[in-house]
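Every value quoted in this text rests on a predicted model; they were computed, and no experiment measured them.
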Amino acid sequence: MKAVVQRVAQASVTVGGEQISSIGRGLCVLLGISLEDTQRELEHMVRKILNLRVFEDETGKHWSKSVMDKQYEVLCVSQFTLQCILKGNKPDYHMAMPTEQAECFYNNFLEQLRKAYKPELIKDGKFGAYMQVHIQNDGPVTIELESPAATVDPKQLTKLEKQQQRKEKTRTKVPSESSRERNAPRSKDDPSASSGAEGDVSSEREP
């Protein structure tokens with residue numbers, strides 16, 4: 001599980017031109033949930049966010065108070081793109097938890113935050129919606145959090161990964177007749193044949 005935590009003067013979430021959530025001073029948390037996350041990672045992240053000392057105390061001393069100490073608000077926004085793995089310049093999200101499972105997990109995360117703090121001070125966006133998140137970063141102060149790597153049975157973890165890979169393979173276009181002809185091995189007597197390894201000259205890659 002990954003989180004980008006920003007200390008804010010104010011923050012809000014708008015969906016379809018309508019503001020659905022807003023806070024004053026506090027924390028804005030962008031949360032990315034991975035395939036391997038469990039209740040253990042969830043509880044770790046809740047503790048870290050609520051106890052992160054990014055505020056000043058009464059004397060003005062920095063980095064001494066948490067959001068709970070100051071009784072400030074927290075705005076949480078689900079953001080699967082934090083689980084991005086780049087393939088060249090193209091983002092790949094196969095390590096992000098699938099939508100239905102992630103929504104349940106995210107709602108549990110919010111519930112645990114509210115139990116550990118004050119429910120009325122925990123706000124959130126709209127899971128799965130196209131959101132505009134307006135953040136007035138105070139400082140600026142931005143902290144990246146990541147839960148400790150979980151010990152997971154590789155078979156259990158790769159099961160969903162393989163499903164995602166199968167979906168990707170089905171999207172691969174079937175070669176046209178002309179491309180099959182271009183890919184066909186050429187004889188040694190063909191003057192236009194490539195001097196490289198067989199098939200090299202016609203290999204194609206997705207952009």
Side-chain angles (χ1 to χ4, degrees), residues 1-6 8 11-17 20 28-38 41-42 44-45 48-49 75-110 124-135 137 140-185 194 196-207:
M1 185 181 291
K2 296 179 181 179
V4 172
V5 181
Q6 300 186 60
V8 300
S12 64
V13 176
T14 300
V15 176
I20 63 168
C28 181
V29 180
L30 307 177
L31 188 76
I33 304 167
S34 80
L35 278 170
E36 57 190 46
D37 286 330
T38 66
E41 285 73 47
L42 185 153
H44 170 88
M45 194 61 75
K48 280 293 184 183
I49 290 168
L75 174 61
C76 297
V77 178
S78 175
Q79 190 169 20
F80 73 92
T81 58
L82 286 175
Q83 294 296 337
C84 164
I85 296 174
L86 286 179
K87 291 187 174 180
N89 293 320
K90 183 179 180 181
D92 180 277
Y93 303 112
H94 75 273
M95 285 304 296
M97 187 177 285
T99 304
E100 289 184 9
Q101 186 182 351
E103 184 173 11
C104 181
F105 195 95
Y106 177 69
N107 288 334
N108 187 19
F109 169 79
L110 292 174
D124 69 307
K126 185 176 181 180
F127 186 93
Y130 189 89
M131 295 175 277
Q132 284 74 49
V133 184
H134 305 273
I135 301 170
N137 196 315
V141 173
T142 302
I143 308 291
E144 294 181 83
L145 299 177
E146 188 167 356
S147 57
T151 304
V152 183
D153 180 356
K155 293 181 181 178
Q156 181 181 359
L157 176 60
T158 56
K159 186 176 180 181
L160 284 171
E161 272 192 76
K162 287 179 179 178
Q163 289 176 357
Q164 294 293 329
Q165 289 170 0
R166 281 198 294 270
K167 288 179 182 178
E168 288 180 9
K169 286 180 180 178
T170 59
R171 298 192 194 108
T172 304
K173 293 181 180 179
V174 178
S176 64
E177 194 65 38
S178 59
S179 66
R180 282 198 293 268
E181 289 175 4
R182 286 198 302 270
N183 290 341
S194 167
E198 184 177 292
D200 282 356
V201 71
S202 60
S203 63
E204 296 180 359
R205 294 181 182 177
E206 291 186 5

Asks: Do Thr142 and Val4 come close enough that some side-chain heavy atom pair is under 4.5 Å?
Replies: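 With C-beta onward as the side chain, the pair touches.
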Asks: Would you say the side-chain atoms of Ser78 pair up with the backbone N or O of Phe127, donor to acceptor, closer than 3.5 Å?
Replies: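 The answer is no, because no donor-acceptor pair under 3.5 Å joins these two groups.
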Asks: Considering all heavy atoms of both residues, which atom of Pro98 and which atom of Leu35 are nearest to each other, and what is their separation?
Replies: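 The answer is CD-CD2, 3.6 Å.
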Asks: Quick one: CZ on Phe105 to OG1 on Thr38, what's the gap to the nearest 0.5 Å?
Replies: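 One finds 6.5 Å between CZ of Phe105 and OG1 of Thr38.
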Asks: Tell me whether the rings of Tyr93 and Phe80 are parallel (<30°), tilted (30 to 60°) or perpendicular (>60°).
Replies: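 Tyr93 vs Phe80 ring planes: perpendicular.
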Asks: Which heavy-atom pair separates His44 from Ser147 by the least distance, and what is that distance?
Replies: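 Nearest pair, atom of His44 first, then Ser147: CD2-CA, 3.7 Å.
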Asks: If you round to the nearest 0.5 Å, how far is OG1 of Thr14 from CD1 of Ile20?
Replies: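 It is 8.0 Å, given to the nearest 0.5 Å.
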Asks: Between Asn107 and Cys104, is there a donor-acceptor pair closer than 3.5 Å when you use the side chain of the first and the backbone of the second?
Replies: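 Not confirmed, Asn107 side chain does not pair with Cys104 backbone.
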Asks: Kindly give the heavy-atom pair with the smallest separation between Cys28 and Ile135, and that separation in Å.
Replies: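 Cys28 and Ile135 have their closest heavy atoms at SG-CD1, 3.8 Å.
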Asks: Less than 4.5 Å apart, any side-chain heavy atom of Pro91 and any of Thr81?
Replies: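 Side-chain contact under 4.5 Å: no.
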Asks: Given 3.5 Å as the limit, does a donor-acceptor pair link the side chain of Gln83 with the main chain of Gly32, or not?
Replies: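 Yes: the side chain of Gln83 pairs with the backbone of Gly32.
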Asks: So, do Glu36 and Met95 sit near enough that their side-chain heavy atoms are less than 4.5 Å apart?
Replies: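 Heavy-atom side-chain distance check passes, below 4.5 Å.
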Asks: Please tell me if the side chains of Met1 and Leu82 come closer than 4.5 Å, counting only heavy atoms from C-beta onward.
Replies: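 Met1 does not reach Leu82 side chain to side chain.
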Asks: Would a 4.5 Å heavy-atom cut-off, applied to side chains only, mark Phe109 and Ile49 as touching?
Replies: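 They are in side-chain contact.
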Asks: Mind checking the CD1-CD spacing from Ile143 to Gln6? Nearest 0.5 Å is all I need.
Replies: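 Going from CD1 on Ile143 over to CD on Gln6, the span is 10.0 Å.
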Asks: What I'd like to find out is whether the side chain of Met45 reaches to under 4.5 Å of the side chain of Leu31, using heavy atoms alone.
Replies: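 In short, these two side chains touch, coming nearer than 4.5 Å.
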Asks: Would you mind reporting whether Val13 and Lys126 have side-chain heavy atoms less than 4.5 Å apart?
Replies: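 Of all side-chain heavy-atom pairs linking Val13 with Lys126, none is under 4.5 Å.
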Asks: Closest heavy-atom contact between Leu75 and Gly125?
Replies: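 Taking Leu75 first and Gly125 second, the nearest heavy atoms are CD1-N, 4.5 Å.
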